[in-house]
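Numbered from 1 within each chain, the chains take letters A, B, ... in sequence-line order. This is a predicted model, so every value here is computed, not measured.
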Number of protein chains: 2
Amino acid sequence: MARMGLDRQTLLVAAAELADESGLDSLTLAALAQKLNVRSPSLYNHVKGLPDLKGALTVYCLHLLVDATRNAVIGKSGDEAILSMCEAYLRFARSRPGLYEAFYKVNTQQHEDLETAKEELLDLFVRIMEPYQLGEKETLHAIRGLRSLLHGYATLEQHRGFQMDLELEESVQYGLRTFLKGMHLNKSEA
Amino acid sequence: MARMGLDRQTLLVAAAELADESGLDSLTLAALAQKLNVRSPSLYNHVKGLPDLKGALTVYCLHLLVDATRNAVIGKSGDEAILSMCEAYLRFARSRPGLYEAFYKVNTQQHEDLETAKEELLDLFVRIMEPYQLGEKETLHAIRGLRSLLHGYATLEQHRGFQMDLELEESVQYGLRTFLKGMHLNKSEA
DNA sequence: TTAATATACTAATAATATTAGTTTATATTA
DNA sequence: TAATATAAACTAATATTATTAGTATATTAA
């Protein structure tokens, strides 16, 4: 009965790997236990159960996403910062498909960590929008639009949406630039 | 052993109801069988299994979504048509939350019906974009952008994204109008 | 009317999540 | 250091679910 030295973080990392390898659906406690050389009831020492694990994955994903996007905007501002951040967002979704699934497929009960992580992402968006000098409400509307666009493109990619002979990368560039143009226009109209 | 007169369509409708009532996760063959006053193995006369059922739900959702959006654009054109269609899209997602979950949470294997339904939706978008006289590629990019926006708002709503004291409806109006403005600007620049 | 088919059933199996209770390695404390 | 407490693994057992195999009967077709 050797101690395996497991902890919650180890479980999370392994679970995310499993999800990335073969999809979130194939993440089971049985599979995770096998990967960690442990019997599945042992996992309950670190996690309340499968829903808890998946919820934790959601938070974990959000943390990594915030890291990735934060890094992408260092030393940049304006449209350049936004585009760089958006590219980082999509690169992340592409590189961690299973984890990103957890981000949008899991029905997370409101958990404190989750709210905190969400706020971090929101703050990042808010700060990057500051130079545009939109009002508070319009800033939030714009953020929601950008977030929706990004999430749409990410899932579009995961679901092989529409015609694959049209480069997704081009679509993203088109969509973001179109949205930004409209945003600028809104401002000059005001 | 009375015949219940079940068929695939009946199963689909009942399954969608279950999903709407308590979420896609709670749609199990056991629950569906109970709802239909039948033992769960009987369902296999009409459906290959749970993955098949969920895949069929995806197609079913797409059909209803196409109907709803098609109706919304009758007698309208230009921005008015787009806005009306988008509102119908979001109304649908709101009114059939579980079914809409199937639309984006189920990993559907490529099925002929699914491709057909996808093309119908795409065609609808293409036709509504015709008056804008964008080129073929730009039309597709614009459609992907709109679709992404819509899907983003729909899931945003289902996941209680960001601050709920800011009206989602306003955000949608802002986002769509911003995107359309950018689109128009693209055209006048060309 | 008879034969074929489709639809329901029961019974059984396998996979999973989860709980209860046990053992023992590790950490804490006297 | 020795005794104790805690935590992390375990085995065993249960419940739920999906799914398959095989059976009976209602309905349909010949």
Side-chain angles (χ1 to χ4, degrees), chain A residues 1-60 98-99 101-102 105-109 111, chain B residues 1-60 98-99 101-102 105-109 111:
Chain A
M1 212 194 285
R3 293 286 173 105
M4 286 281 99
L6 296 184
D7 60 8
R8 197 174 164 92
Q9 187 62 22
T10 308
L11 260 66
L12 279 184
V13 171
E17 280 176 16
L18 271 182
D20 284 333
E21 284 162 17
S22 30
L24 187 64
D25 288 339
S26 67
L27 169 61
T28 62
L29 289 184
L32 181 59
Q34 191 167 32
K35 185 182 174 84
L36 295 171
N37 292 308
V38 135
R39 304 310 179 105
S40 58
S42 308
L43 302 175
Y44 285 79
N45 285 312
H46 310 284
V47 150
K48 287 201 222 321
L50 189 56
D52 179 39
L53 175 65
K54 287 188 173 177
L57 273 187
T58 306
V59 180
Y60 179 49
L99 195 52
E101 269 185 277
K105 285 187 178 175
V106 174
N107 291 325
T108 333
Q109 13 276 9
H111 192 38
Chain B
M1 210 193 287
R3 292 288 172 104
M4 286 282 102
L6 296 183
D7 59 9
R8 196 172 165 93
Q9 188 62 22
T10 308
L11 260 65
L12 279 184
V13 172
E17 281 175 17
L18 270 182
D20 284 334
E21 284 164 16
S22 30
L24 187 64
D25 288 340
S26 67
L27 169 61
T28 62
L29 290 185
L32 181 58
Q34 191 167 31
K35 184 183 174 84
L36 295 170
N37 292 309
V38 135
R39 303 309 177 108
S40 58
S42 308
L43 301 176
Y44 285 78
N45 286 311
H46 310 285
V47 149
K48 287 203 222 320
L50 189 57
D52 179 40
L53 176 66
K54 287 188 173 177
L57 273 188
T58 306
V59 179
Y60 179 49
L99 195 52
E101 269 185 276
K105 283 187 180 175
V106 175
N107 291 324
T108 333
Q109 15 277 6
H111 192 35

Please encode protein proximity along nucleotides 17-22 of chain D as a string of B, S and -, counting only heavy-atom distances under 4.0 Å.
SSBB--
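Here C:dT7 presents its P atom at 9 Å from CG of B:Asp7, a figure rounded to the nearest Å. Rounded to a whole Å, the CG atom of A:Leu32 is 12 Å from the P atom of C:dT16. To the nearest angstrom, P of C:dT16 lies 13 Å from CG of A:Leu43. Atom C1' of nucleotide D:dA9 and atom CZ of A:Arg8 are separated by 18 Å, given to the nearest angstrom. Rounding to whole angstrom units, CG of residue B:Leu36 and C1' of C:dC9 are separated by 16 Å.
Counting heavy-atom neighbours within 6.0 Å of A:Gln34 CD, excluding the residue itself, gives a total of 12 or less.
Sorted by first then second residue, the side-chain hydrogen bond (donor to acceptor under 3.5 Å, both in side chains) pairs that include residues 36-48 of chain B, not counting sequence neighbours, number zero.
Using a 4.5 Å heavy-atom threshold, the side chains of B:Glu101 and A:Asn107 count as touching. Side-chain contact between A:Thr10 and A:Asp7 is present, with at least one heavy-atom pair separated by less than 4.5 Å. Taking 4.5 Å as the limit, some side-chain heavy atom of A:Leu53 sits within range of a side-chain heavy atom of A:Leu12.
Separating the CG atom in A:Leu24 from the NZ atom in A:Lys54 is a distance of 4.5 Å, to the nearest 0.5 Å.
Scored by the salt bridge (charged side-chain N to carboxylate O under 4.0 Å, His left out) test, B:Asp52 finds B:Arg8 as partners (sequence neighbours excluded).
Checking the phosphate oxygens (OP1, OP2) of C:dA8, a side-chain nitrogen or oxygen of B:His46 falls inside 4.0 Å. OP1 or OP2 of D:dT11 lies within a sub-4.0 Å distance of a side-chain N or O belonging to A:Arg39. An OP1 or OP2 oxygen of D:dC10 is reached within less than 4.0 angstrom by a side-chain nitrogen or oxygen of A:Ser42.
Across all strands shown, the partner of C:dA4 is D:dT27, judged by Watson-Crick or G-U wobble contacts whose two distances both fall under 3.5 Å.
Residue side chain A:Asn45 does not reach the base of D:dA7 through any donor-acceptor N/O pair under 3.5 Å, judged by distance alone. The base of C:dA25 lies close enough to the side chain of A:Arg3 for a donor and an acceptor atom to sit less than 3.5 Å apart.
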